[in-house]
Protein chains: 2
Amino acid sequence: MAGARRPGTGISDLTAKRVSVYLRCLEDLQADGVTTVSSQALAEKFGLNSAQIRKDLACFGEFGTRGVGYNVSRLKEHLVRELGIDRGRNVVIVGAGNLGMALADYQGFNEHGFHIVALADIDDEKIGRSSRSGIPVLAFDAMPQAVRANSVEIGIVAVPSPAAQQTYDAFADAGLNAILNFAPTQLRTRPGVKVKSVDLRINLESLSFYLKNVEDGA
Amino acid sequence: MAGARRPGTGISDLTAKRVSVYLRCLEDLQADGVTTVSSQALAEKFGLNSAQIRKDLACFGEFGTRGVGYNVSRLKEHLVRELGIDRGRNVVIVGAGNLGMALADYQGFNEHGFHIVALADIDDEKIGRSSRSGIPVLAFDAMPQAVRANSVEIGIVAVPSPAAQQTYDAFADAGLNAILNFAPTQLRTRPGVKVKSVDLRINLESLSFYLKNVEDGA
DNA sequence: GCATGTGAATGGATTCACAGCT
DNA sequence: AGCTGTGAATCCATTCACATGC
């Protein structure tokens, strides 16, 4: 057990999110032919403290060279592996409404290792059709089967709020451990089944709150 | 100046986000005819500490009754005012692709005080058409005019990454102070022009990282 | 000299625990 | 008794500052 380096363990959500952002930046730098970058340079791009960046990166092992900086491609390769996005992950979306359809056709996913295998819905009207880019809409009940058949690892909840919990439970029952939730609801989660929520309403309300404070302060 | 209570000042983003969630819960409780709720009861719903909820709510003034709890409707009314969502806010979306269109038709906005006035795009193919629910697609250059004419306060960036900065700048020039950004880019922001970013890729990568740790831990 | 990696210091946010009101 | 509101204590994240190595 001793000496078994296990980097990537005990890393906070905040750090993981930032690393994701650094990764994107490294891709841009690599595309521009830059080979080396310092924590200082990255810090300026993101308005962060350079120590923070060094700490974040150090979580994954020592990849910098003192007096020089970080090798862009080496660091990138390493982070990709550490984030587990060196291989593709299959995704299924439940809810074939406007949002689900838009997500299915969103190119940003496919370009970066996430492959949308299918949509699913309970609406007979939608079942059997497919998205503009050709992703099929299955019956809700056929989802678990599709998950098994395609080794799906991530489920996206794109249904209206009242159906969100049920969708989460169905994903969990189907064996998924990672869920991205777009419904504005607090889900009752199970241990081991991670949820990330994207809540448009919260974001808009935060902006509204900001505007209100600006108004009142004026 | 003394005694001029100004609640809602100096409240952290984290608190504001949570309050937004409480608010949604209060709406549900009210719909169910519940008149009073305790911090303890709310805490259980969200898996939070009850002291945190009391602290969060106390930021906005003292609204509980000791020995009893909080009056649901009174608290709700108050939070709605404090978040600045007691009146509608007009919104414009730049980018009439899949995502922009889906957002324009998303009912969750209209139901909660956010009114999408128009979409805008540079693509001649799209200009002049409208979303399924009838929201018109204007020329990108007509956006500032639409902002003024409709007293728009919030701008949504739904364009591909390379165009995001330019869209942000155009919003800022048009006088908007609050922007919701869906492009996976780090925007160079101006003072006073608040951005909230919704980054799908970061969320998926976080999930991927979680899955990787589960795999490695097993 | 220059930039990393990291212990120590700081700053915020969360939790504890209790005084005070109903 | 029950529950809020809040100072004190704790925990976690960020920043500082420097020893270490290229």
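Every chain is numbered from 1, with letters handed out A, B, ... down the list of sequences.
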How long is the line joining [atom1] of [X] and [atom2] of [N], in whole Å?
X	N	atom1	atom2	result
B/Leu75	D/dG5	CG	C1'	14 Å
B/Leu57	D/dT6	CG	C1'	14 Å
A/Asp56	C/dG5	CG	C1'	13 Å
A/Phe60	C/dT4	CZ	P	17 Å

Looking at every non-hydrogen atom in both residues, tell me the closest pair between [X] and [Y] and how far apart they are.
X	Y	result
B/Ile85	A/Ser208	CG2-OG, 3.4 Å
B/Leu119	B/Ala104	CD1-CB, 3.9 Å
B/Ile116	B/Phe109	CD1-CD1, 3.5 Å
B/Ala170	B/Phe140	CB-CZ, 3.7 Å

Contact list for DNA chain C against residues 38-54 of chain A - heavy-atom distance below 4.0 Å: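 By residue number: A/Ser38, A/Ser39, A/Arg54.
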Using a cut-off of strictly less than 4.0 Å between a heavy atom of the residue and any atom of DNA chain C, enumerate the qualifying residues of residues 21-30 of chain A by number.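 Close to the strand, none.
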Find which nucleotide of DNA chain D each of A/Thr65 and A/Arg18 is nearest to by heavy atoms, and output the residue with the more 5' nucleotide. A/Arg18
DNA chain D: 5'-proximal contact among B/Lys55 and A/Asp13 (nearest heavy atom):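 This one resolves to B/Lys55.
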In terms of side-chain heavy atoms, does [X] have a donor or acceptor partner in [Y] at a distance below 3.5 Å?
X	Y	answer
A/Arg24	A/Ser20	no
A/Gln165	A/Asp169	yes
B/Asn90	B/Ser151	no

Decide yes or no on side-chain hydrogen bond (donor to acceptor under 3.5 Å, both in side chains) for A/Lys45 and B/Gln186, but give the supporting numbers first. CA-CA 8 Å; A/Lys45 287 221 183 191; B/Gln186 183 67 20; over 6 Å; no
For this output row, return yes or no: ring centroids of A/His78 and A/Phe60 closer than 6.0 angstrom. no
In residues 66-73 of chain A, what residues come within less than 4.0 Å of DNA chain D, judged by heavy atoms? A/Arg66, A/Gly67
Got a salt bridge between A/Lys212 and B/Asp86, using NZ or NE/NH1/NH2 to carboxylate O under 4.0 Å?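 The answer is no: the pair does not qualify as a salt bridge.
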Taking A/Arg87 first and then A/Glu153, would you say they form a salt bridge - that is, a charged N and a carboxylate O separated by under 4.0 Å? yes
Across the strands shown, which category fits B/Thr15 at heavy-atom distances under 4.0 angstrom: base, sugar-phosphate, nothing?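 No contact.
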